[in-house]
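Shown next, in structure tokens, is the structure this report addresses.
Residue indices begin at 1 and follow the sequence shown.
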Amino acid sequence: MSSFVREAGTAVLLVALTLLLQCAGMAAVISFAKPSLVPDDLRLGPIRSAVLMVRLMTAFIVLHIFEILLWAAFYRWLCFPLWESAFYFSTSSYATVGYGDVILPQMWRTLGPVESIIGVLMCGLSASFLFAIVSRLVDREVRLSSEPAKPHSAYIEGETIPSI
């Protein structure tokens, strides 16, 4: 019973730390992206939109690597003698690949599936954020391109005449 409690407590702690890291990372990404997305009348254009998306995706990849490293640090501490094995196992679990060529010791074996569940949820959260950004950019482009041009005025002999 005590090994189950130890494993469950460790799983809860690792999940909580992963969620904390994801929330902090998402908050940082939101504050980074906010200036590019606030003005609704600003058209970013295809190049700036692509650069923004590349930067956001890079930030999320780095965030997920930090989350993988969090789990790998635990595995290295108590399960594997080498960082390479710990990182490899953590990456394959987080990405739900689960090759099975490197396995956890019997006492910690349920942590692999827990990390897989968390990896799916965190990647899904990142993907939904990126989808929301793309939707906002597309909506903005469509709205700005479909707005009628503002009427121009002509100045003729001291009078301003609106053009039709």
Chi angles and distances behind the side-chain contact (heavy atoms from CB on, under 4.5 Å) call for Leu14, Val114: CA-CA 9 Å; Leu14 286 168; Val114 171; over 6 Å; no
Linked, directly or transitively: Val51 and Ile61 (ILVMFWY side chains, under 4.5 Å): no
Side-chain heavy atoms of Met122 within contact of Leu19, under 4.5 Å: yes
Close side-chain approach of Tyr88 and Tyr99, heavy atoms under 4.5 Å: yes
Donor-acceptor pair, side chain of Ser90 and main chain of Ile68, under 3.5 angstrom: yes
Leu56 side chain near Ile133 side chain, heavy-atom distance below 4.5 Å: yes
Hphob cluster co-occupancy, Val12 + Leu17, side-chain heavy atoms under 4.5 angstrom: no
Heavy-atom side-chain proximity of Phe129 to Ile30 below 4.5 angstrom: yes
Pairwise distance CZ(Arg76) to CG(Leu69) - rounded to 0.5 angstrom: 13.5 Å
Euclidean distance, Leu63 CG relative to Thr58 OG1, rounded to 0.5 Å: 12.5 Å
Approximate separation, where rounding is to 0.5 Å, of Phe80 CZ and Phe74 CZ: 10.5 Å
Side chain proximity check, Ile118 to Glu67, heavy atoms < 4.5 angstrom: no
Single-linkage hydrophobic cluster Val120~Val97, side-chain heavy atoms < 4.5 angstrom: no
Closest heavy-atom pair and its distance - Ser85, Val102: O-CG1, 4.4 Å
Same cluster (ILVMFWY, side-chain, under 4.5 Å), Trp77 and Met107: yes
Stepwise side-chain contact (heavy atoms from CB on, under 4.5 Å) check, Leu52 with Leu137: CA-CA 10 Å; Leu52 175 64; Leu137 291 172; 4.3 Å; yes
Atom pair CG (Leu104) and CD (Glu7), whose distance is rounded to the nearest 0.5 Å: 8.5 Å
Any donor-acceptor pair under 3.5 Å from Ser93 side chain to Ser116 backbone: no
Matching residue for Tyr75 among Trp108, Trp83, Phe89 - test: ring pair (Phe, Tyr, Trp, His ring centres under 6.0 Å): Phe89
Intermediate values then yes/no, side-chain contact (heavy atoms from CB on, under 4.5 Å), Met53 and Val134: CA-CA 8 Å; Met53 290 307 299; Val134 169; 3.4 Å; yes
Straight-line distance of Ile65 CD1 to Leu70 CG, nearest 0.5 Å: 14.0 Å
Other residues, nucleotides, ligands: >12 heavy atoms within 6.0 Å of Ile103 CD1: no
Trp71 reachable from Phe66 in the ILVMFWY side-chain graph, under 4.5 Å edges: yes
Under 3.5 Å donor-acceptor, Ser31 side chain and Ala28 backbone: yes
Separation between CD of Glu115 and OG of Ser92, rounded to the nearest 0.5 Å: 8.0 Å
Exercise: do Gln22 and Ser126 side chains pair donor with acceptor under 3.5 Å: yes
Minimum-distance pair of heavy atoms, taken over all atoms of Ala86 and Ala72: CB-O, 3.4 Å
